[in-house]
Amino acid sequence: MELVATALGWLGAIALIAGFLFIVVFYFRGAFRDYIDYRAINVPSPDEHRFAVALGSLSNSLGTTGDVIGFWFEANEIQSARLEAIQSAKRCIHFETFFMTPGRRANDFAAAVAERAAAGVEVQLVVDHYGTKKLPAKYWKRLEAAGVEVRFFKSFSWKAPFDYAGRTHRKLLLIDGKVALIGGAGISDFWDGQKKFGDTDSLV
């Protein structure tokens, strides 16, 4: 009888350990993350002429064309081009970036978009949560108080901690749906004094 009790005790311990490991593995694989339920009905096959239009509709995007009219290589030039483009906005500003840090460039950027938002221009920002973590909460509150819509890409979640490793490195500024600045450095004083960092901005 004592032998049976011991065996059952070991089996119970093994079951508890296996169950714990099972939960841990599923946890780190993001099994408990919040999912968005997408349902697509009557989606055309890839060989149909309307497939590209349907695909664009699902992502709320459309194909377009443009002309490259300028390049900037130095941090000062990139920042100046961005601020000039922002100041020219009449209808909407859409901005996405990875890296922002406290300093002159971040302050100048905030002042520019806040002024446009106060003037009635729709301003929407998507910024990487990790890449902008050094900026204080009051920085974003100032922008939101001016009417700027701010969204953080991949904020840390205990439901799916490994998802935090997925970053957005895109640098994109769209003005009135007509002018686009793509690529380039982040909004930071980090590159001051560093020549030819390697990134460029192009105005399309």
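Any value given below was found using the heavy atoms of this structure, including those in side chains, with hydrogens, waters and symmetry copies removed. Numbers for residues simply follow the sequence, beginning at 1.
- Within the model, atoms CG of Asp189 and CZ of Arg105 stand 5.5 Å from one another, a figure rounded to the nearest 0.5 Å.
- Note: the hydrophobic cluster containing Leu174 does not contain Val126 (ILVMFWY, side chain heavy atoms under 4.5 Å, direct or indirect links).
- Screening Phe99, Phe98, Trp140, Tyr139 for a side chain to side chain contact (heavy atoms under 4.5 Å, CB included) with Thr132, the sole residue that qualifies is Trp140.
- Between the side chain of Ser88 and the main chain of Ala85, a donor-acceptor pair closer than 3.5 Å is present.
- Closest of all the heavy-atom pairs between Leu135 and Met100 is CD1-CB, 3.6 Å.
- Nearest heavy-atom pair across Ala81 and Trp72 is CB-CE2, 3.7 Å.
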Side-chain donor/acceptor pairs under 3.5 Å, residues 146-154, sequence neighbours excluded:
unit_1, atom_1, unit_2, atom_2, d
Glu149, OE1, Gln124, NE2, 3.0
Glu149, OE2, Arg151, NH2, 3.4

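- Taken from CZ in Phe95 to CG in Leu173, the straight-line distance is 6.5 Å, to the nearest 0.5 Å.
- Residue Leu172 holds its CG atom at 9.0 Å from CG of Leu181, rounded to the nearest 0.5 Å.
- Leu83 and Phe190 are not part of a single hydrophobic cluster, where members link through side-chain heavy atoms under 4.5 Å apart.
- The list of salt bridge (Lys or Arg N to Asp or Glu O under 4.0 Å) pairs with a residue in residues 124-138, not counting sequence neighbours, reads Asp128-Arg167.
- Counting heavy-atom neighbours within 6.0 Å of Glu84 CD, excluding the residue itself, gives a total of 12 or less.
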Do any side-chain atoms of residues 107-123 form donor-acceptor pairs under 3.5 angstrom with protein atoms, and if so which ones, sequence neighbours left out?
unit_1, atom_1, unit_2, atom_2, d
Asn107, ND2, Gly103, O, 3.2
Arg116, NH1, Ala89, O, 2.8

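- Here the shortest heavy-atom pairing between Ser188 and Thr101 reads OG-OG1, 2.6 Å.
- How far CD1 of Ile78 is from CZ of Phe73: 9.0 Å, rounded to the nearest 0.5 Å.
- In this structure, the side chains of Lys171 and Arg82 come closer than 4.5 Å at one or more pairs of heavy atoms.
- When atom types are taken as modelled, the side chain of Gln79 and the backbone of Asn76 share no donor-acceptor pair closer than 3.5 angstrom.
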